[in-house]
Amino acid sequence: MDDNKEAIRLQVYLAHSGIGSRRKCEEFISQGRVSVNGKIVREQGIKITDDSVSFDGRPVYPAKKKIYLALNKPIRYVCTSDDPDGRPTALDLVKNAWPGRIYNVGRLDYMSSGLILFTNDGEFTKVITHPSSGVLKTYLIETREEIKEEDLEEWKKGVRVKGIKYQISDFSKKSPYKVEVTLAEGKNREIRNLFASRLYKIKKLHRIMIGNISIKGIKPGEYRYLNDKEVSRLLRAGDGN
């Protein structure tokens, strides 16, 4: 090990290599999928410098170029790198966009569609997904039942569903059965749990914006590259600026 090099935590190295977010890389370490100098490592928090690191038996290196994509995910695609049930993945749709490793930033569930970002930048992922960043995400929801204004107003103040507090940032009704809802945090299945708590059946759940990035102009199943200005604005939003 070279003492003149600055040591970094293993999960940070993996995130910089495009393996996943820091949190996801910590899971990979615990699962025994990471080795350092040929030995499997399960311990969290170890630091490395010029060590040899492998993921699933293959050497990994920090990405020299950062890549950022916006995909319009159709329904019936899962947001995972490998689905045990053999369902198509969102990653399949962007596999030709970059020769190195990339991964999705956050998730959309199987029957939800819309905007999802891909990157190989672990720091970017941390900013976009961490609850404290408050990067706004906007969804268009269509239901089978007429949506009551009082329910939306109550959700804006904050409610508890099965012991978990949910709160929307804003809403805009488009018709009796359609509404745009904006979330600052976005807990797992937050929108579906809120609507189910009032017995609304969701016909369509479609994410249309993440921060300053809009799905406009991206057809279902297609993607585009984000430019430096868009990435900088997203990061500034995460910093509260």
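Side chains included, hydrogens not; waters and symmetry mates left out as well; all remaining heavy atoms used.
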Trainee: Between Glu190 (side chain) and Gln167 (backbone), is there a donor-acceptor pair under 3.5 Å?
Mentor: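 Answer holds: yes.
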
Trainee: Where do Ser214 and Leu115 come nearest, in terms of heavy atoms and distance?
Mentor: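 Shortest heavy-atom contact: C-CD2, 4.3 Å.
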
Trainee: Checking side-chain contact (heavy atoms from CB on, under 4.5 Å) for the pair Tyr177/Glu146: CA distance, chi angles, key distance, verdict?
Mentor: CA-CA 5 Å; Tyr177 301 91; Glu146 186 169 341; 4.2 Å; yes

Trainee: Please tell me if the side chains of Ser113 and Pro74 come closer than 4.5 Å, counting only heavy atoms from C-beta onward.
Mentor: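 Side-chain contact under 4.5 Å: no.
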
Trainee: Roughly how far, to the nearest 0.5 Å, is OG1 of Thr182 from NZ of Lys156?
Mentor: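 OG1 of Thr182 is found 9.5 Å from NZ of Lys156.
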
Trainee: Give the cluster check for Leu205 versus Ile147: same hydrophobic cluster or not, with ILVMFWY residues linked at side-chain heavy-atom distances below 4.5 Å.
Mentor: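 Linked, Leu205 and Ile147 end up in one cluster.
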
Trainee: With a 4.5 Å cut-off on side-chain heavy atoms, are Arg207 and Leu108 touching?
Mentor: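 Counting from C-beta outward, Leu108 and Arg207 do come under 4.5 Å.
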
Trainee: Got a second to check how far Ile128's CD1 is from Tyr68's OH, nearest 0.5 Å?
Mentor: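 Between atom CD1 of Ile128 and atom OH of Tyr68 there are 9.5 Å.
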
Trainee: In Å, rounded to the nearest 0.5 Å, how long is the span from CD1 of Ile210 to CD of Glu230?
Mentor: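 Nearest 0.5 Å value for the CD1-CD distance: 12.0 Å.
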
Trainee: With a 4.5 Å heavy-atom cut-off, do Leu234 and Phe124 have their side chains touching?
Mentor: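 Yes, at least one pair of side-chain atoms sits under 4.5 Å.
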
Trainee: What is the distance from atom NZ of Lys126 to atom OG of Ser21, rounded to the nearest 0.5 Å?
Mentor: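 Rounded to the nearest 0.5 Å, the NZ-OG separation comes to 10.5 Å.
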
Trainee: Above 12 or not: heavy atoms from other molecules or residues under 6.0 Å from CZ of Arg87?
Mentor: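 Yes, enclosed.
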
Trainee: With side chains defined as the heavy atoms from C-beta onward, is the minimum distance between Met209 and Leu136 less than 4.5 Å?
Mentor: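 Counting from C-beta outward, Met209 and Leu136 never come under 4.5 Å.
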
Trainee: Counting heavy atoms not belonging to Asp228, are there more than 12 under 6.0 Å from its CG?
Mentor: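 Open: at most 12 neighbouring heavy atoms sit under 6.0 Å from CG of Asp228.
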
Trainee: Determine whether Ile191 and Val135 fall in the same hydrophobic cluster, where Ile, Leu, Val, Met, Phe, Trp and Tyr are linked whenever their side-chain heavy atoms lie under 4.5 Å apart.
Mentor: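 Different clusters.
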
Trainee: Indicate the atoms forming the closest heavy-atom contact of Val53 with Leu14, along with that distance.
Mentor: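 Distance-wise, the nearest heavy atoms are CG1-CD2, 4.0 Å.
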
Trainee: Using a 6.0 Å cut-off, check whether atom CG of Asn227 has over 12 heavy atoms from anything other than its own residue.
Mentor: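 Enclosed.
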
Trainee: Strictly distance-based, threshold 3.5 Å: is any side-chain N or O of Asp92 a donor or acceptor partner for the main-chain N or O of Ala90?
Mentor: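 Here the side-chain-to-backbone pair does not exist.
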
Trainee: Using the rule that Ile, Leu, Val, Met, Phe, Trp and Tyr join whenever any side-chain heavy atoms are under 4.5 Å apart, tell me whether Val41 and Ile8 fall into a single cluster.
Mentor: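 Yes: a chain of side-chain contacts under 4.5 Å links Val41 to Ile8.
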
Trainee: Counting only heavy atoms not in Lys178, do more than 12 fall under 6.0 Å of its NZ?
Mentor: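 Open: at most 12 neighbouring heavy atoms sit under 6.0 Å from NZ of Lys178.
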
Trainee: How close do Tyr61 and Tyr13 get, heavy atom to heavy atom, and via which atoms?
Mentor: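 Reported closest heavy-atom pair: CA-OH, 3.7 Å.
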
Trainee: Return the minimal non-hydrogen interatomic distance between Ile29 and Glu43, and the atom names on each side.
Mentor: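 For Ile29 versus Glu43, the nearest heavy atoms are CG2-O, 3.7 Å.
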
Trainee: For the residue pair Leu69 and Leu117, establish whether any side-chain heavy-atom pair is separated by less than 4.5 Å.
Mentor: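 The answer is no, as the side chains (C-beta and beyond) never meet within the 4.5 Å cut-off.
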
Trainee: Hey, does the side chain of Tyr200 reach the backbone of Lys148 with a donor-acceptor pair shorter than 3.5 angstrom?
Mentor: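 It does hold such a pair.
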
Trainee: Taking C-beta and beyond as the side chain, do Glu142 and His206 meet within less than 4.5 Å on heavy atoms?
Mentor: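 They are not in contact (no side-chain heavy atoms under 4.5 Å apart), so the answer is no.
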
Trainee: List the steps, then state whether side-chain contact (heavy atoms from CB on, under 4.5 Å) holds for Asn72 with Leu93.
Mentor: CA-CA 9 Å; Asn72 184 348; Leu93 298 171; over 6 Å; no

Trainee: Ignoring hydrogens and geometry, is there a side-chain-to-backbone donor-acceptor pair from Lys73 to Tyr77 under 3.5 Å?
Mentor: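 Checked: pair present.
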
Trainee: Apply side-chain contact (heavy atoms from CB on, under 4.5 Å) to Lys201 and Glu145, showing your working.
Mentor: CA-CA 7 Å; Lys201 294 182 179 66; Glu145 298 78 20; 3.7 Å; yes

Trainee: Do the side chains of Ile208 and Lys216 get nearer than 4.5 Å, heavy atoms only?
Mentor: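 Contact flag for Lys216/Ile208 side chains = no.
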
Trainee: Taking Asn120 for its side chain and Ile67 for its backbone only, find out whether a donor-acceptor pair lies under 3.5 Å.
Mentor: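 Yes; at least one donor-acceptor contact below 3.5 Å.
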
Trainee: Kindly say whether Arg107 contributes a backbone atom to a donor-acceptor pair with the side chain of Asn104 at under 3.5 angstrom?
Mentor: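 Checking the backbone N and O of Arg107 against the side chain of Asn104, no donor-acceptor pair under 3.5 Å is found.
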
Trainee: Please check this pair: side chain of Arg42 against backbone of Ser30, looking for a donor-acceptor N/O pair closer than 3.5 Å.
Mentor: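 Present.
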
Trainee: For the residue pair Arg76 and Tyr110, would you count it as a cation-pi contact if the rule is NZ or CZ under 6.0 angstrom from the ring centre and within 45 degrees of the ring axis?
Mentor: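 The answer is no, since Arg76 fails at least one limit relative to Tyr110.
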
Trainee: To the nearest 0.5 Å, what is the distance between OH (Tyr139) and OG (Ser112)?
Mentor: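 With rounding to 0.5 Å, OH (Tyr139) is 8.5 Å from OG (Ser112).
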
Trainee: Give, for atom CZ of Arg22 and atom CD of Glu27, the distance between the pair rounded to the nearest 0.5 Å.
Mentor: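 That separation rounds to 15.0 Å.
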
Trainee: Closest approach of Thr129 and Gly106, non-hydrogen atoms and distance?
Mentor: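 In terms of heavy atoms, the two residues are closest at CG2-N, 3.7 Å.
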
Trainee: Counting distance only, does the side-chain N/O of Tyr223 pair as donor-acceptor with the main-chain N or O of Phe118 below 3.5 Å?
Mentor: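 No.
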
Trainee: Spell out, yes or no, whether Ile102 and Val231 are grouped together once hydrophobic residues are joined by side-chain heavy atoms under 4.5 Å, including indirect joins.
Mentor: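 Result: no, two separate clusters.
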
Trainee: Please give me the minimum heavy-atom distance between Cys25 and Gly20, naming the atom from each residue.
Mentor: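 Where Cys25 meets Gly20 most closely, the heavy atoms are SG-O, 3.6 Å.
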
Trainee: Ring centroid separation for Tyr225 and Trp98, is it under 6.0 angstrom?
Mentor: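 Judged by ring-centre distance (under 6.0 Å), Tyr225 and Trp98 do not meet the cut-off.
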
Trainee: Ile116 versus Cys79: any side-chain heavy-atom pair under 4.5 Å?
Mentor: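 In short, these two side chains touch, coming nearer than 4.5 Å.
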
Trainee: Are any of the side-chain nitrogens in Glu26 or Lys24 under 4.0 Å away from the carboxylate oxygens of its partner?
Mentor: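 No, Glu26 and Lys24 are not salt-bridged.
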
Trainee: May I ask you to decide if Asp121's main-chain N or O and Thr119's side chain share a donor-acceptor pair within less than 3.5 Å?
Mentor: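 Yes; judged by distance alone, with no hydrogens or angles, the pair exists.
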
Trainee: Check step by step if side-chain contact (heavy atoms from CB on, under 4.5 Å) holds for Leu183 and Val181.
Mentor: CA-CA 7 Å; Leu183 303 178; Val181 169; 4.1 Å; yes

Trainee: Quick check: is Ile168 connected to Val159 through a chain of hydrophobic side chains (ILVMFWY, heavy atoms under 4.5 Å apart)?
Mentor: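 Linked within one cluster.
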
Trainee: Mark yes or no for whether Ser17, through its side chain, and Ile19, through its backbone, hold a donor-acceptor pair below 3.5 Å.
Mentor: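 Absent.
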
